[in-house]
Amino acid sequence: MNESYKSFFRPAIDALSGYTPGEQPKISNLIKLNTNENAYPPSPKLEQAFSDFNYQNLRRYPDPMADKLCTAIAARHGVARSQVIAGNGSDDILTMVFRAFTSPELPVAVLDPTYSLYPTLAAMQEARVIKIALDARNNFAMPDTATLLRQAATANLLIITRPNAPTGNSFELQQMREIVTGFNGIVLFDEAYADFADDNCVGLASEFSNVIVSRTSSKSFALAGLRFGYALAHPQIITGLVKLKDSYNMDMLTQHLATAAIGDLEYLNATVAKVRCNRENLAQELRMLGYKVVPSQANFLFAAPPDGDAARIFRGLRENAIIVRYFPGETTGSYLRITVGLPEQNAELIAVLRKLLR
Ligand SMILES: *Cc1c(COP(=O)(O)O)cnc(C)c1O
């Protein structure tokens, strides 16, 4: 290999540190509560779907528009087929949205704290990021509508993660309507966790032409390994996103399996009900240990130990083969983000946390 290396990357790419995904360690018997995967397996209907798939079809290109899948998604939400686009995970949808609506002249506004992929996508576009601080002393509540709209005024894209990550809380639906009405740009509702929540913004995507709702199968459908997400929006927005998506962004096997998963909403609803129940039980147990727990509408909890030393608890859990997520920093550094596990995993977590209490 040549010793001397000269970078021809754009300076913005050289400066980028890149997104850091949660760890996927290879340790056995690990209780893995760090990346918000579903505690339960995907629909058993996928087994049949696998055996129905003829591998010989793989010599053909897949349907570039994933039409059968998008028709199933439209039916699920009671929207028109023309309001749907599918993606290779919702991260693919987010990439399309950043390419479409942000640039050095067109900033993006995001909540703070929120999903850490957004600033990385903004940096690739060389777009400025406006951070809208949530109130850490009040369960990470959003500022009032007038304040938020003033802060986001120069942005062309406003991302509201609802429920939010890593905090798990949601925001009043009525306020979302006010924001959409008052904001002069696109509002993207990242609804990665909406299946675990009491309500969602799908209605706003049909009612307003400046709304995009993004969804993923990674959490509620227990299909993080499949890479399937989608967006709902006005048909003109969908047409614009289709122009800049990768031409074959949905492979044939994913289209086939995702269509089967969307077809088994009964299983989805049963799984979601169990996760919600486990979430409330775990929150109560944590509060009994003296933890401060942000009310969650997702499949994880954002919880602060009584002494605020979350880094110590994070390390202590690791030594006991339990991994959760820790985000150092001023607002997040006293909390742990804990994925809701199976009841027996949650019980083991609580037992170890009790040992770690000072
Ligand atoms: C997990 C997650 C995503 C990404 O979902 P994928 O479909 O796995 O790419 C997007 N947004 C938020 C807030 C998430 O937590």
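Position 1 is the first residue of the sequence, and the numbers go up from there. Start at 1 and go down the list; that is how both ligands and their atoms are numbered.
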No-hydrogen, no-angle side-chain donor-acceptor test under 3.5 Å, Y326 and N34: no
Do the side-chain N and O atoms of T114 and T161 include a donor-acceptor pair separated by under 3.5 angstrom? yes
Do N139 and K292 have side-chain heavy atoms sitting under 4.5 Å apart? yes
Return all side-chain donor-acceptor pairs below 3.5 angstrom for residues 178-188, not counting sequence neighbours, or 'none' if the list is empty.
from : atom 1 : to   : atom 2 : distance (Å)
E178 : OE1    : T145 : OG1    : 2.8
T181 : OG1    : R177 : O      : 2.7

E280: which residues meet the salt bridge (Lys or Arg N to Asp or Glu O under 4.0 Å) condition with it, sequence neighbours left out? none
For D14, enumerate each residue passing the side-chain hydrogen bond (donor to acceptor under 3.5 Å, both in side chains) test, keeping only those at least two apart in sequence or located in another chain. S7
Check each protein residue for a heavy atom under 4.0 Å from ligand 1 and list those that pass, ordered by chain and number. G89, S90, D91, Y115, T161, D190, A192, Y193, T216, S218, K219, R227
